[in-house]
Amino acid sequence: MNDKVVTMRKLSLLSLLIVSQFALSVEPTMAAKTALSADEHAAVVAQAQAIHASALTIDAHADIEIPGKPSMYVGSDGLSKVAPQKMQKGGLNAVVMSLAVGPMPRNAEGYAAAKALAQTKLAAVTALAANPDNNATITKSTDELTAAHAEGKSALILGFQNALILGTDVTSIDRLYDVGVRVFALTHMGHNDFADSSRTLFDGDTGTREPDAEHGGLSALGKAAVVKINALGGIVDISQLSSQAALQAIDLSASPVIASHSNVRALTSVSRNLSDPEIDRIGETGGVIHIAPFRGYLFDSSAPNMDKNIRAVRKESGIEEDYLYPFELYWEIDDPAIRKDFLTRTSALLGPIGLDEMLDHVDYIVERIGVDHVGIGTDFNHGSGIIGFDDASEALNVTLALLKRGYSKDDIIKIWGGNFIRVWRAAEKASNARVLESQG
């Protein structure tokens, strides 16, 4: 960020009388009380609450928790981080619930297992929406989304992640769209038959890792999938694609794309984050990058000895290969005790991370390509959560922190969902235009 922008944001901070970085909850802390008078603090909180209430707030990506299935990613209460009650408490109006699957064999058995897991997750979201106590509904269009918001209901938007669910059948996208999926991401961890991933898999039996690229980006199936998603009116999600695949998808897509949960590689150098060329191309084509409160995508990768220390923990956990990524290999450690020790020690190396680190990534996107191209996508229920934003109930803290940095009401409304809605409407419009063209 340039010095002029930093200065302007400092001036805005003073003029807004925003609370200190340690006072980001609705209930004022002792630090906040000493920094501002009660009336001043109340005015700031009221301003944030008013902006938050006026926005249609959207989380562009969260994983789905299956009731009764043990999970290491839920909140301390054992419940989903985007449970409807937490959404309502935090004023989070909508969330993209992703039918996501992890690495599985690329064969008939693996495809069947991926599809079965996706069906189980779909059933879980369907049941959640069917329970009247949750006051939630699955929305399949921007009109349904805005109607749900007007009625005071929590909106659930279905997403999809990892084309293993499709096997090798592009037409399966039609069936997913028919059940309500509107956001489509082709990869997760590891390459598949549709595209190269930003993260490659390690085979412990052979001691080898996948090559950085298998298809040179998108395969023929992947390109056909992007065309299919466009034709249906779905949103193309480039999160977790390799840089080459992401750039190809951006250029191929007939409507703007999103990155539903991706941070900035220039600030945190991991393959999972977006490079500057990807960021620039998303901005040039009208897309949106949704920043995640995920410590492994936000830590200071340039800190002294960070690389050396992470590698040392890996070796002590039995990971001998020379491959740097903070949480990349935890699922490949079979022993639960060693896995827990690995995660605990690696997490300690990253240090405390909060909203300031997250909003540094927001600032970077805004300064590089503009406020029309950034949003929030938490990746909750898959390891995400930081100080001040650990689940949906703390969503208002993000608005307070954005105010602190000098973002305007209009900016915050765009970041919290306006930009996502714009892209979704563009996808719907492009699809409708194709229908009319085919009929003419």
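What you are looking at is a predicted structure, and each value in this text was computed from that prediction instead of being measured. Quick note: numbers below take in every heavy atom, side chains included, and nothing from hydrogens, waters or symmetry partners.
- Residues T171 and D174 bring no donor and acceptor atom of their side chains to less than 3.5 Å of each other.
- The closest side-chain heavy-atom distance from L343 to M72 is below 4.5 Å.
- When all heavy atoms of S262 and R272 are compared, the pair lying nearest together is OG-NH1, 3.3 Å.
- Scanning all heavy atoms of the two residues, the minimum distance from S54 to K409 falls at OG-CE, 3.5 Å.
- Side-chain atoms of D391 and S393 form a donor-acceptor pair, as typed in the model, at a separation below 3.5 Å.
- Within the cation-pi definition used here (under 6.0 Å to the ring centroid, within 45° of the axis), R182 qualifies as a partner of Y177.
- By the 4.5 Å heavy-atom criterion applied to side chains, V183 and S98 are not counted as neighbours.
- Under the 3.5 Å distance criterion, the side-chain polar atoms of S431 are matched with a main-chain donor or acceptor of A231.
- Of all non-hydrogen atoms in L247 and P277, the two that sit nearest each other are CD2-O, 3.9 Å.
- K340 NZ to S317 OG: the interatomic distance, rounded to the nearest 0.5 Å, is 14.0 Å.
- Side chains of Y111 and N192: no donor on one and acceptor on the other come within 3.5 Å.
- Side-chain atoms of T57 come within 3.5 Å of backbone atoms of N93 as a donor-acceptor pair (strictly under, hydrogens ignored).
- In this structure the side chain of I238 reaches within 4.5 angstrom of the side chain of I282, judged on heavy atoms.
- In this structure, CG on L241 lies 12.5 Å from CZ on F194, to the nearest 0.5 angstrom.
- Looking only at distances, no side-chain donor or acceptor of S197 sits under 3.5 Å from a matching main-chain atom of T200.
- Counting only heavy atoms from C-beta outward, the side chains of K86 and E394 never approach each other to under 4.5 Å.
- The salt bridge (charged side-chain N to carboxylate O under 4.0 Å, His left out) analysis of residues 247-258, with sequence neighbours excluded, yields the pairs D251-R281.
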| task | I would like to know whether I157 and T139 meet side chain to side chain contact (heavy atoms under 4.5 Å, CB included); could you show each step before the answer? | result | CA-CA 6 Å; I157 305 161; T139 57; 3.5 Å; yes
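- Side-chain contact annotation: S198 with S271, donor-acceptor N/O pair under 3.5 Å absent.
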| task | Start with the C-alpha gap between I58 and I376, add the side-chain angles, then the distance that decides, and say whether side chain to side chain contact (heavy atoms under 4.5 Å, CB included) holds. | result | CA-CA 7 Å; I58 301 172; I376 307 296; over 6 Å; no
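- Annotation: side chain to side chain contact (heavy atoms under 4.5 Å, CB included) contacts of A266 (sequence neighbours excluded): V264, D276, Y364.
- Side-chain contact between M306 and D300: absent, with no pair of heavy atoms (C-beta onward) separated by less than 4.5 Å.
- With no hydrogens or angles considered, no side-chain donor-acceptor pair links T168 and D193 at under 3.5 Å.
- Residue pairs meeting the ring-ring contact (aromatic ring centres under 6.0 Å, His included) criterion with at least one partner in residues 214-258, sequence neighbours excluded, are absent.
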| Between R265 and I279, does a side chain to side chain contact (heavy atoms under 4.5 Å, CB included) hold up when you go through it step by step? | CA-CA 10 Å; R265 195 178 303 174; I279 291 169; over 6 Å; no
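- Under the 3.5 Å distance criterion, the side-chain polar atoms of N230 are matched with a main-chain donor or acceptor of A254.
- Under the 3.5 Å distance criterion, the side-chain polar atoms of H290 are matched with a main-chain donor or acceptor of A259.
- Looking at K81, its side chain never comes within 3.5 Å of a backbone N or O of G385 through a donor-acceptor pair.
- Counting only heavy atoms from C-beta outward, the side chains of I421 and R425 approach each other to under 4.5 Å.
- Note: F294 and Y297 have parallel aromatic rings, judged against thresholds of 30 and 60 degrees for the angle between ring planes.
- With rounding to the nearest 0.5 Å, the separation of CG in L218 from CG in L221 is 10.5 Å.
- With sequence neighbours excluded, the residues forming a ring-ring contact (aromatic ring centres under 6.0 Å, His included) with F160 are F184, listed by chain and number.
- Side-chain contact annotation: H61 with D63, donor-acceptor N/O pair under 3.5 Å present.
- Judged by distance alone, the side chain of N263 and the main-chain N or O of I291 form no donor-acceptor pair under 3.5 Å.
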Contacts table for residues 120-127: side-chain donor-acceptor under 3.5 angstrom, sequence neighbours left out:
unit_1	atom_1	unit_2	atom_2	d
T120	OG1	A116	O	3.0
K121	NZ	A100	O	2.6
T126	OG1	L122	O	2.8

| Steps toward side chain to side chain contact (heavy atoms under 4.5 Å, CB included) verdict (N381, I64) | CA-CA 7 Å; N381 298 332; I64 297 165; over 6 Å; no
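- Here CD1 of I310 is found 6.0 Å from CG of L350. Values are rounded to the nearest 0.5 Å.
- A salt bridge between K115 and D169 is absent, with no side-chain N of the basic residue lying under 4.0 Å from a carboxylate O of the acidic one.
- The two atoms that bring A94 and L56 nearest to each other are CB-CD2, 4.5 Å, heavy atoms only.
- For the atom pair CD1 (I66) and OG (S71), the distance works out to 9.5 Å, reported to the nearest 0.5 Å.
- Between R405 and D356 there is a salt bridge, since a side-chain N of the basic residue sits under 4.0 Å from a carboxylate O of the acidic one.
- Shortest non-hydrogen contact noted between F389 and L355 is CB-CD2, 3.9 Å.
- Between L176 and L166, some side-chain heavy-atom pair lies under the 4.5 Å cut-off.
- In plain terms, the two heavy atoms of A55 and W416 that are nearest each other are CB-CB, 4.5 Å.
- Under the 3.5 Å distance criterion, the side-chain polar atoms of Q240 are left unmatched by any main-chain donor or acceptor of N162.
- Side chain to side chain, S243 and E278 meet the donor-acceptor criterion of an N or O pair below 3.5 Å.
- Scanning for salt bridge (charged side-chain N to carboxylate O under 4.0 Å, His left out) contacts around K153 gives E151, with sequence neighbours left out.
- In this structure, Q161 and D237 have side chains that are not in contact, with every pair of non-hydrogen atoms separated by 4.5 Å or more.
- Expressed to the nearest 0.5 Å, how far CD1 of I173 lies from CG of L232 amounts to 7.5 Å.
- Although no hydrogens or angles enter the test, the distance criterion places a donor-acceptor pair under 3.5 Å between the side chain of N419 and the main chain of V371.
- Side-chain atoms of S239 come within 3.5 Å of backbone N or O of H261 as a donor-acceptor pair.
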